[in-house]
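See below for the structure under consideration.
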Amino acid sequence: MSNLHDLLTLETSPIDESYVEKLTALLKSGIPATYTIEQVAAHEAGKDDVEDTGSNTTPLHVLIRSLPDELSREENLVVLKLMDVLFEYGAGWNFLDYENKSPGDLLFERGMKNGNALYERVVDAGVSAELLLRKLNDDIEFLDEEDLEDPEDTEETEEPSEDPEASTESLESAGDTAEHQDTYLKADLEYTANALITKDNKDGVMMDWESDIMRLARDSMFKNATSDSVVLNIGFGMGIIDRFIQERQPAQHYICEAHPDVLKHMRDEGWFEKPNVVVLEGRWQDTLSTLLDDGSVFFDAIYYDTFSEHYSDMLDLYDTIVGLIKPEGLFSFFNGLGADRQVCYDVYKKVVEMDVANYGMKCNFTTIPLPRDPNWEDVRRSYFACDRYYHPEIRFA
Ligand SMILES: C[S@@+](CC[C@H](N)C(=O)[O-])C[C@H]1O[C@@H](n2cnc3c(N)ncnc32)[C@H](O)[C@@H]1O
């Protein structure tokens, strides 16, 4: 252990301002706030290079793991200050430790969850980091396991493939249907009893455990419905939400779908013949801009749920839908943003609120509990690991 890690084990009590002074002095002396226990061990063993164990137990992890069960109000404020200082000196909010846990995961597990000042501090650090990253990269990546950081790679965010771990990852993912839309659109799909999956690598495109979420989304879309409602669903998948939408008999029900196998399935199921259905064949990036240019249709509600797209696509989508939605219209989407970790899910909840506010829109989230373990049997990897769902309803403010 280094002096920095030692200090953050919080051995001496009470936890008072002297901790803040000592921490600031250590960081000022040049010890990086991202100095990991693994690096300390390597240096102690006389190694120049830290073996890439994939684990990065940072001072922030040590601090959070060392928190006593009970903290007085004053101590809580001191811990917040310690976190502020660590973040100020470049601590990462999303590094993974020897148990594959980020600082936010550790707080959450210890019951310091949403609304707790320490947890919210990590979430805010995540939001700032994401916005900064977007400015630096002029782009934003969907936050997932690949994006959880390695302190050694903080300079390499623009070139994730230079991360030794990511380079094997990128070889594996060259044919990754969940990551690359081109690959996905060429992949064969298969409808199983409860899911739509990619045939070869069994990526779950859509699963029927989402049915309640789809019903909730449909209800939002028709909250202010009139008999001549015109709605748009982007991404047909299993057609779950489209069947729910049909129950409300909208005047016009547009469906935008890009994958040839899904379009074939829609043809087989008679969707092209339904009198109130208009199928937009192709990627929304192409078909919606044509609608926008025509200026002939405006929607009461738009729902978005695609596959193999990233948050950067959603940022582009915002530009499009603001021109297609009626002033009192609603926009909603399947919210799996960062949902493989609760803290990432919370970061993205805030990022979405901030992004839509730039368009004069307000996002209200309704939280619904989810079954702990949806059935992931047929699919290669789960894409939702949280016990709750944040359902977004976005309207012009
Ligand atoms: C998760 S599924 C949608 C599930 C749907 N909400 C349901 O209730 O069954 C995603 C769908 O979006 C389609 N898709 C993916 N990218 C698209 C794009 N850029 N434009 C249009 N559709 C797309 C996929 O082919 C797939 O059918």
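When a ligand or atom number is given, it counts from 1 through the structure's own listing order.
- Sorted by chain and number, the residues within 4.0 Å of ligand 1 by heavy atom are Gln181, Tyr184, Val205, Met206, Met214, Gly235, Phe236, Gly237, Met238, Gly239, Ile240, Ile241, Cys256, Glu257, Ala258, His259, Val262, Gly282, Arg283, Trp284, Gln285, Asp305, Thr306, Phe307, Glu309.
- Partners of Ile325 under the side chain to side chain contact (heavy atoms under 4.5 Å, CB included) rule, at least two apart in sequence or in another chain, are Ile302, Phe331, Phe396.
- No option in Phe299, Phe298, Phe236 other than Phe299 meets the ring-ring contact (aromatic ring centres under 6.0 Å, His included) test with Tyr254.
- Ring centers of Tyr389 and Phe365: at least 6.0 Å apart, outside the cut-off.
- Here Asp268 pairs with Lys264 under the salt bridge (Lys or Arg N to Asp or Glu O under 4.0 Å) rule; sequence neighbours left out.
- In this structure, Phe384 has its ring center closer than 6.0 angstrom to the ring center of Tyr345.
- A search for side-chain hydrogen bond (donor to acceptor under 3.5 Å, both in side chains) contacts involving Asp286 returns nothing, not counting sequence neighbours.
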